[in-house]
Amino acid sequence: MIFDNKFIQQRIEKAKLLKEAGFNPYTNESKRNCSIEKYLNVNSDIAESEEKRDENRHYIVSGRIKLLRIMGKASFVKIEDESGMLQIYVARDNLPEGFYNTMFKKNIEVGDIIEVAGFPFVTGQGELSLHADSLTLLTKAISPLPEKFHGITDKEIRYRKRYLDLIMNAEVRKTFQTRSKVISLTRRFFEDKGFLEVETPMMHPIAGGANAKPFVTHHNALGIDRFLRIAPELYLKRLIVGGFEAVFEINRNFRNEGMDTTHNPEFTSIEFYWAYKTYKDLIEITKEYFQYLFEHLNLPTMLPYGDIEVNFANFQEIPLIESLTTVGGVPAESCNDKESIIAYLNSKNITVKPGMNLGQLQGELFDEFVEEKLIDPTFITEYPVEISPLARRSDENPAITERFELFIAGREIANAFSELNDPIDQLERFEGQMAAKDSGDDEAHEMDSDFVEALSYGMAPTAGQGIGIDRLVMLLTNEHSIRDVLLFPAMKPLNGDEAEMQTEEN
RNA sequence: GUCUUGUUAGCUCAGCUGGUAGAGCACGUCACUUUUAAUGAUGUGGCCGAUGGUUCGAAUCCAUCACAGGACACCA
């Protein structure tokens, strides 16, 4: 039974006693007229006053009881609402006859949500508090809260029961408030630049726009399978074909792959597409975007992340091949042909899959020796065409693409390029992917002939970029697991959870 | 997927080379009208993640499983 715990039984009993005494333990009659933050601000002058109290002011505040100190005929109660924590002084003789001893002391406890009315005063210890003249129970908590000092630290409970984590850990609430602001600022930034926010399908007939395994669902009315989208890219580009010149979408993508500290099966990204622009314009708007975020989030330019510090005033731009030597320390003569790269990798005890081409091997060098060393924001440009199937070739050098990836604190934060808009080239690349799929690459891109047809009507030269919002929030909040920036991260069902086990079997 | 570390009271954690379970907080009772993790006294609270094995005897040793944390691999 879910409520068979002894402490819960005790609390259910108290709720019953309250009900019998005429107090509804789940009343809907809240009369709050002041948030705790506002109360503390408005009454901050009391500390300077002669009497340290002002009985002419009167407030009604509400919140959950976090601490309770009963000292005979008087008690101190700390209540918390979304805006902050406030100490309440409750004395027997200031409350209705009998209420303190029979109701308050017996039936009100930590975890309950109460409403208190009274006047502001400052205690002997100098804490601005509220002197209660009435106290009402709004909501009875029948499950006890975790321990008051250590709170809740077990990560499994924190993720599975996020509400408890939020009740107990103020800094967790802060992280999610920051996340919300990041999304709202992102939206505002792009709107102010003239971008149009759009919504494209989450259920795709063909899972395109990235190379990843999709989740499959079924549409009964049409009798066909649908794929949860792995990326919105191909739909957003159709909109550019249609004549919108700047669009963005902030939404979820779903990838049926592993989970770890930087991967959740559903994650949030912004993708934006900008006609008549190139990846060089994207570098500029990205710098501006970060500046905008830092300014509106009041973040320091030198941002701590774990053991390191990231200097957001120091944006760098390095071509990939150059970064191999200047950042990665790979000898220049080991960067430009397959044999010497393989020899160099082998000399560092790194084995490579046979059959890799030059671009892939250069990518391998980058992953091994460069990526983790890129602490300050760095745009890596001039990606080899072999590892950039969706990007446009450079007009000057057909071996490289007009692309960059942005790295911060050793992690990829954004991926951007001038878009391929040649329909014949796009068709051939899809056909190449189909061949790869036939020879066993189950993540190769699907053929999307409808998209090719869209391109055939002509897509203006366009630059497009994707930014992983979850990883960005991790960076800005100094969190090192994606689960700490997702309110409800994906978890395996617990053994014995019948509802979820059922789904497992089907 | 591999390696590794966990899982003991509502929460945070002890429990040594096997001898039928302990603390703090919380909760109950009592005292206490300015406390700050309030304090003092006293009491209740456990299928030691699950299943098997070894043993006279298992929270402890072994195996399998479940879930979680971390690392690695995969995710161009």
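Just so we're on the same page: letters track the sequence lines, and every chain starts at 1.
Applying the 3.5 Å distance criterion, the base of U12(B) shares no donor-acceptor pair with the side chain of Thr153(A). At a cut-off of 3.5 angstrom, the base of C11(B) holds no donor-acceptor pair with the side chain of His150(A). Remark: the Tyr89(A) side chain and the U35(B) base include no donor-acceptor N/O pair separated by less than 3.5 Å. Judged by distance alone with a 3.5 Å cut-off, no donor-acceptor contact links the side chain of Ser75(A) to the base of U33(B).
Residue contacts for Phe121(A): at a heavy-atom cut-off of 4.0 Å it reaches a base atom on one of the strands shown. Residue Gly359(A) is classed as having no contact, given no heavy-atom separation below 4.0 Å to the nucleic acid. Residue Lys148(A) is in sugar-phosphate contact alone, with no base atom involved, counting any heavy-atom pair closer than 4.0 Å across all strands shown. No contact: Arg158(A) has no heavy atom under 4.0 Å from any strand. Across all strands, Arg160(A) comes closer than 4.0 Å only to sugar-phosphate atoms, never to a base (heavy-atom distances). Among the protein residues, Lys78(A) comes within range of the nucleic acid bases, having at least one heavy atom under 4.0 Å from a base atom.
Ring planes of Tyr89(A) and Phe76(A): tilted class, angle from 30 to 60°. Taking the six-membered ring for Trp and thresholds of 30 and 60 degrees, His445(A) and Phe430(A) have ring planes inclined between 30 and 60 degrees apart. In this structure, Phe121(A) and Phe119(A) have perpendicular ring planes: the angle between them is above 60°, well past the 30° mark. Using the six-membered ring where Trp is involved, Tyr305(A) and His480(A) have ring planes that are parallel, under 30° apart on the 30 and 60° scheme.
Using P as the reference atom, A63(B) and A71(B) are 26 Å apart when rounded to the nearest Å. Separation of the C1' atoms belonging to C27(B) and C72(B) is 45 Å when rounded to the nearest angstrom. Comparing G57(B) with U20(B), their C1' atoms are spaced 9 Å from each other, to the whole Å. Nucleotides U8(B) and C48(B) are separated by 4 Å at their C1' atoms, to the nearest Å. Nucleotides A58(B) and G49(B) place their P atoms 15 Å apart, quoted to the nearest Å.
Distance from the side chain of Glu127(A) is smallest to U36(B) among U33(B), A38(B), U36(B). The nucleotide whose nearest atom lies closest to any side-chain atom of Thr261(A) is, among C11(B), G69(B), A71(B), A71(B). For His263(A), whose side chain is taken as the heavy atoms from C-beta onward, the closest listed nucleotide among A68(B), U33(B), C75(B) is C75(B). Taking every side-chain heavy atom of Gln87(A) into account, U36(B) is the closest of U44(B), U33(B), U36(B).
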Pairs: protein N or O with nucleotides 28-31 of chain B N or O, under 3.5 Å:
unit_1 : atom_1 : unit_2   : atom_2 : d
G28(B) : OP1    : Lys14(A) : NZ     : 2.3

Distances under 3.5 Å between nitrogen or oxygen atoms of protein and nucleotides 1-10 of chain B:
unit_1 : atom_1 : unit_2  : atom_2 : d
G10(B) : OP1    : Asn5(A) : ND2    : 3.4

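Rounded to an integer number of Å, the gap from CD of Gln9(A) to C1' of U44(B) is 15 Å. Ile65(A) places its CD1 atom 15 Å from the C1' atom of C27(B), with the value rounded to the nearest Å. The nearest whole Å value for the distance from the CZ atom in Arg69(A) to the C1' atom in U35(B) is 5 Å. When the C1' atom of A41(B) is taken as reference, atom CE of Met71(A) falls 18 Å away, rounded to whole Å. Computed from coordinates, the Asp367(A) CG to C72(B) C1' distance equals 15 Å when rounded to whole Å. Between the CD1 atom of Ile230(A) and the C1' atom of C75(B) there is a distance of 12 Å, rounded to whole Å. Straight-line distance from the CZ atom of Phe149(A) to the P atom of C13(B): 12 Å, rounded to whole Å. Atom C1' of nucleotide U34(B) and atom CG of Leu67(A) are separated by 16 Å, given to the nearest angstrom.
Inspection of the Ser394(A) and Asn397(A) side chains reveals no N or O donor paired with an N or O acceptor under 3.5 Å. For the 3.5 Å distance criterion, the side chains of Gln465(A) and Thr286(A) qualify, holding a donor opposite an acceptor. Residues Arg483(A) and Asn264(A) have side chains that never bring a donor and an acceptor to within less than 3.5 angstrom of each other. Defined by atom type and a distance below 3.5 Å, a donor-acceptor pair is missing between the side-chain atoms of Glu37(A) and Ser83(A). Remark: the Arg229(A) side chain and the Asn253(A) side chain contain an N/O donor-acceptor pair separated by less than 3.5 Å. Between the side chains of Glu271(A) and Tyr273(A), at least one donor-acceptor pair of N or O atoms lies under 3.5 Å.
C47(B) adopts a syn glycosidic conformation, its chi angle falling within 90° of 0.
Taking a pair to require two hydrogen-bonding distances under 3.5 Å in either a Watson-Crick or a G-U wobble arrangement, A23(B) pairs with U12(B). Taking a pair to require two hydrogen-bonding distances under 3.5 Å in either a Watson-Crick or a G-U wobble arrangement, A59(B) remains unpaired.
Remark: Arg226(A) engages no residue in a side-chain hydrogen bond (donor to acceptor under 3.5 Å, both in side chains) (not counting sequence neighbours).
In this model, the phosphate group of U36(B) is not approached by any side-chain N or O of Gln125(A) to a distance below 4.0 Å at OP1 or OP2.
Under 4.0 Å is where a charged nitrogen must lie from a carboxylate oxygen, and between Lys14(A) and Glu109(A) at least one such pair does.
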